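To keep things clear, I will list the structure first and then write my remarks on it.
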Amino acid sequence: MADFCDLLVFTDLDGTLIDHDTYDFSPAFPALSALKNMSAGLVLASSKTAPEISDLRQKLGVEEWPAIVENGAGLLTPFVQQSPDASQYETVRRVLESLPKDLRSLFLGFGDLSVAQVAQLTGLSHAGAARAKERSFSEPGQWSGTAEQRDAFLAALAQQGVTAQQGGRFLTLSLGTNKVDQMRNLIETYRPRHTIALGDAPNDIAMLEFADLGIVVANPAREPLAPLETENTGGIIRTKKPGPTGWNLAVLEAIDRLART
Ligand SMILES: [Mg+2]
């Protein structure tokens, strides 16, 4: 599916390319056009579902690039709006239903909830919640048991090949791949000369460390990330400005530096 490209950029969305509170990304327009002008690739990588990401991918004008969806549990190919196959999600749900009742009842997944309940839980609009429920790879949910019950729950899932990632709000169950696994595959496919990754949260760290240049985008709404592995050697930098404003400046500077090498 790929052409070779010089620069491939991987970016988280919420709190990184998109403002944490207003969902605005217009401050990043200058850097987005600069990337387009040099035919660099832009891969969106988020916990969002395919229908949620494809909408944004279109608005950002990067439909010709794949996107990493559901926190890396799946990949959305260029120019399509929905993953054609939800069998991984069905497997996760089937495993969940096979657990002993006392453990199963402590996890409330999106698949257990109505659109209105997901809207209430996430703060999304009704339409947004409907898109968030259209899952193909992974199941986010709320955990309500003790730490001990959680261990038993995770062990029972692991026996059947289901793993869990703890995010800010939800415990997300999937068959195991994460953002950096998908990033690795895409690098193998596109073979870019340079890679940049941008993110603001713990689930972006592996991606930030794997890229030639990782950019931690400031997010005043959360605890700053602890110092990362390659931060001392210049492999990782941090923006001072938050969200799309920080994203814009850091990407323009990085492009500038690449042009001079
Ligand atoms: Mg984020």
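For ligands, and for the atoms within them, numbers begin at 1 and follow the listed sequence. Everything quoted here is computed from the prediction, not taken from an experiment.
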Between Glu90 and Arg94, is a salt bridge (Lys or Arg N to Asp or Glu O under 4.0 Å) present by the stated rule, with each step listed?
CA-CA 6 Å; Glu90 284 151 20; Arg94 206 173 321 117; 5.3 Å; no
Is a side-chain donor-acceptor pair under 3.5 Å present for Thr16 with Asp12?
yes
Identity of the N, O or S atom of Asp200 lying closest to the Mg ion (ligand 1)
OD1
Is the distance from the Mg ion (ligand 1) to the nearest N/O/S atom of Asp12 under 2.8 Å?
yes
Considering only N, O or S atoms, which atom of Asp14 is nearest to the Mg ion (ligand 1)?
O
Pair Glu70, Ser174: side-chain N/O donor-acceptor within cut-off below 3.5 Å:
no
Angle between ring planes, Phe153 versus Trp143, binned at 30° and 60°: parallel, tilted or perpendicular?
tilted
